[in-house]
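All remarks here apply to the structure that follows.
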Protein chains: 2
Amino acid sequence: MKRIADSTVRRLSAYLRFLEESARKGVTTISSDELAKRGGTTSAQVRKDLSFFGSFGKRGLGYSVGELIDSLRDILGLGRQWNVIIVGAGKIGTALAQYEGFRRRGFLVSAVYDRDQRKIGEVVSVTGGQHVIRDIAQIERDVAREKPDIAVLTVPGEDAQGLVDRLVKAGIRAILNFAPVQLRVPNEVALRSVNMAMELESLSFALSNRANAEGADS
Amino acid sequence: MKRIADSTVRRLSAYLRFLEESARKGVTTISSDELAKRGGTTSAQVRKDLSFFGSFGKRGLGYSVGELIDSLRDILGLGRQWNVIIVGAGKIGTALAQYEGFRRRGFLVSAVYDRDQRKIGEVVSVTGGQHVIRDIAQIERDVAREKPDIAVLTVPGEDAQGLVDRLVKAGIRAILNFAPVQLRVPNEVALRSVNMAMELESLSFALSNRANAEGADS
DNA sequence: ACATGTGAACTGCTTCACAGCG
DNA sequence: CGCTGTGAAGCAGTTCACATGT
């Protein structure tokens with residue numbers, strides 16, 4: 001398979017959300033142009049994005065909403081459940097643990113970790129249940145045994161790289177990082193970072209230079 | 001001024017963080033190569049990024065850590081305080097309100113809003129203080145009067161676009177969106193989105209297509 | 001007639017490579 | 001001599017434009 005740009009994947013995800021919304025409204029057919037308007041892109045871009053994976057439309061007509069939803073879910077690997085562990089039970093970690101969007105899309109929080117002895121053993125709510133906070137000290141053992149798919153990192157910046165190294169060694173294959181640091185992982189591990197400091201500073205820059213205010217939205 | 005790529009601004013932000021860390025360690029001089037290694041890029045990229053704004057280094061030597069920190073803070077517009085309002089006092093909104101990183105970089109939470117009558121009037125902690133949750137109904141009036149710089153949106157997806165329209169009309173110039181929807185704003189308003197669903201789906205895609213696991217990190 | 005699918009053109013970010021200067 | 005600053009080359013992602021299929 002050809003290498004797919006990250007920007008393409010993000011757009012596919014956006015198309016999927018809009019398609020699901022359209023389906024709920026009873027729309028059954030949609031054109032690349034309508035899809036583009038809502039996704040903040042162009043019809044050519046939509047068609048190009050989809051073309052990497054096959055032909056999903058009918059010429060002269062557009063796309064079947066239902067079929068395209070199925071295809072996109074398949075392309076994005078959303079046809080299964082992914083087990084997610086949350087590493088760091090601070091404010092953001094516990095807030096994420098309860099995020100409804102996780103479950104709705106097949107991401108199940110299977111464990112929550114912290115290193116603070118006072119928190120370990122406490123019960124936290126997660127979407128669709130509860131978990132006892134586990135000790136980060138046992139994370140290698142747990143990851144090796146339970147093989148979670150994704151680790152969400154919500155620990156202080158100074159602890160992040162060390163934990164990543166441990167998680168990678170234990171066999172994790174995907175990490176979503178919220179710590180405000182640049183992490184290093186081997187090529188075979190997928191890493192995405194959400195860096196609030198960076199987003200805020202980018203807004204600060206835009207505000208200080210009106211020329212760049214123009215909305216380059218992720 | 002020349003148009004600056006978004007990717008450049010994000011890297012500048014990363015350089016700044018690393019420089020501040022180096023300064024704390026007592027490092028006084030640094031080369032583009034060292035800066036690149038930690039920022040996950042190349043030395044040529046570092047020099048090109050900086051070159052858009054001037055010449056900051058000494059040939060044969062490198063950059064003065066202190067001077068470059070000052071220059072970057074200036075470029076990014078971090079020499080002043082920015083007032084931030086948080087719109088939506090749910091789990092994520094309240095967690096963000098307490099985020100230490102806000103204050104440390106000059107972003108001050110100046111108000112918190114919700115539309116839920118049961119929450120309005122409640123007290124929430126924010127970094128360095130407390131706020132009484134205000135009624136979203138009064139947000140236009142407050143924005144017009146208090147002129148906050150940035151609105152952080154942490155409301156349900158279905159309410160997001162409506163609120164953005166109101167905020168923009170009231171005069172907001174920058175928005176950091178956490179709702180999982182694609183927002184539309186006029187060109188003169190700066191918008192950044194953090195979309196967790198998108199990040200997770202992008203990891204799901206990477207896990208389902210090992211070829212793409214390679215870490216394209218934001 | 002209409003909207004897709006796609007090679008070709010284009011744009012802009014990244015990398016290269018070296019002249020310039022401390 | 002070493003490292004910066006930068007024009008030029010390379011490359012990747014986007015846009016164009018039209019042939020194709022219904």
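Chain identifiers are assigned alphabetically (A, B, ...) following the order of the sequence lines, protein sequences preceding nucleic acid strands; residue numbering begins at 1 within each chain.
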Using atom [atom1] of [X] as one end and atom [atom2] of [N] as the other, report the distance to the nearest whole Å.
{"X": "A:D6", "N": "C:dC13", "atom1": "CG", "atom2": "C1'", "value": "15 Å"}
{"X": "A:F52", "N": "C:dG5", "atom1": "CZ", "atom2": "C1'", "value": "12 Å"}
{"X": "B:R59", "N": "C:dG22", "atom1": "CZ", "atom2": "P", "value": "8 Å"}
{"X": "A:F53", "N": "C:dG5", "atom1": "CZ", "atom2": "P", "value": "14 Å"}
{"X": "B:R10", "N": "C:dT14", "atom1": "CZ", "atom2": "C1'", "value": "17 Å"}

Can you name the side chain to side chain donor-acceptor pair (under 3.5 Å) partners of A:Q98, sequence neighbours left out?
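With neighbours one apart ignored, the set is B:K91.
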
Please name all residues satisfying side chain to side chain donor-acceptor pair (under 3.5 Å) with A:S31, sequence neighbours left out, ordered by chain then number.
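In terms of side chain to side chain donor-acceptor pair (under 3.5 Å), with neighbours along the sequence ignored, A:S31 is linked to A:E34.
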
My understanding is that only residues two or more places apart in sequence, or in another chain, count here; which of them pass side-chain contact (heavy atoms from CB on, under 4.5 Å) with A:R166?
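Only A:I136, A:I139, A:E140, A:L163 meet the side-chain contact (heavy atoms from CB on, under 4.5 Å) criterion with A:R166.
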
Restricting to side-chain contact (heavy atoms from CB on, under 4.5 Å), what partner residues turn up for B:S51, sequence neighbours left out?
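B:K48.
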
Check this for me: does any side-chain nitrogen of one of A:E20 and A:R73 sit under 4.0 Å from a carboxylate oxygen of the other?
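Looking at A:R73 together with A:E20, the answer is yes, because their closest N to O distance falls below 4.0 Å.
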
Salt bridge B:K37-B:D33, side-chain N to carboxylate O under 4.0 Å
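Yes, charged N to carboxylate O under 4.0 Å.
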
Assign each of A:K58 and A:K48 to its nearest nucleotide of DNA chain C by heavy atoms, then name whichever residue's nucleotide is nearer the 5' end.
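The residue mapped nearer the 5' terminus is A:K58.
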
ring-ring contact (aromatic ring centres under 6.0 Å, His included) involving [X] - partner list, sequence neighbours excluded:
{"X": "A:F56", "value": "none"}
{"X": "A:F18", "value": "none"}
{"X": "A:Y15", "value": "none"}

For a quick test of reading the model: is some side-chain N or O of A:R47 closer than 4.0 Å to OP1 or OP2 of C:dG5?
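Checking C:dG5 against A:R47, no side-chain N or O comes under 4.0 Å of OP1 or OP2.
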
Sequence neighbours excluded, which residues qualify as salt bridge (charged side-chain N to carboxylate O under 4.0 Å, His left out) partners of A:R104?
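A:R104: no salt bridge (charged side-chain N to carboxylate O under 4.0 Å, His left out) contacts found.
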
My understanding is that only residues two or more places apart in sequence, or in another chain, count here; which of them pass salt bridge (charged side-chain N to carboxylate O under 4.0 Å, His left out) with B:D74?
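Once residues adjacent in sequence are excluded, B:D74 has no partner under the salt bridge (charged side-chain N to carboxylate O under 4.0 Å, His left out) criterion.
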
On DNA chain D, does the nearest nucleotide to B:S55 precede the nearest nucleotide to A:R11 from the 5' side, or the other way round? Give the residue.
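Whichever sits nearer the 5' end wins; that is B:S55.
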
Quick one: on DNA chain D, does A:G60 or A:S7 contact a more 5' nucleotide (nearest heavy atom)?
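Going by which nucleotide is closer to the 5' end, it is A:S7.
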
Below 4.0 angstrom, which residues in residues 69-78 of chain A have at least one non-hydrogen atom near DNA chain D?
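Residues of residues 69-78 of chain A that come under 4.0 Å of DNA chain D do not exist, since none gets that close.
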
With the threshold set at under 4.0 Å for non-hydrogen atoms, list the residues of residues 20-45 of chain B touching DNA chain C in residue-number order.
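The stretch gives B:T42, B:A44, B:Q45 as the residues lying under 4.0 Å from the strand, ordered by number.
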
So where does chain B start and stop touching DNA chain D, 5' to 3', when the test is distance under 4.0 Å to a non-hydrogen atom?
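The contacted stretch runs from D:dG2 to D:dA8.
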
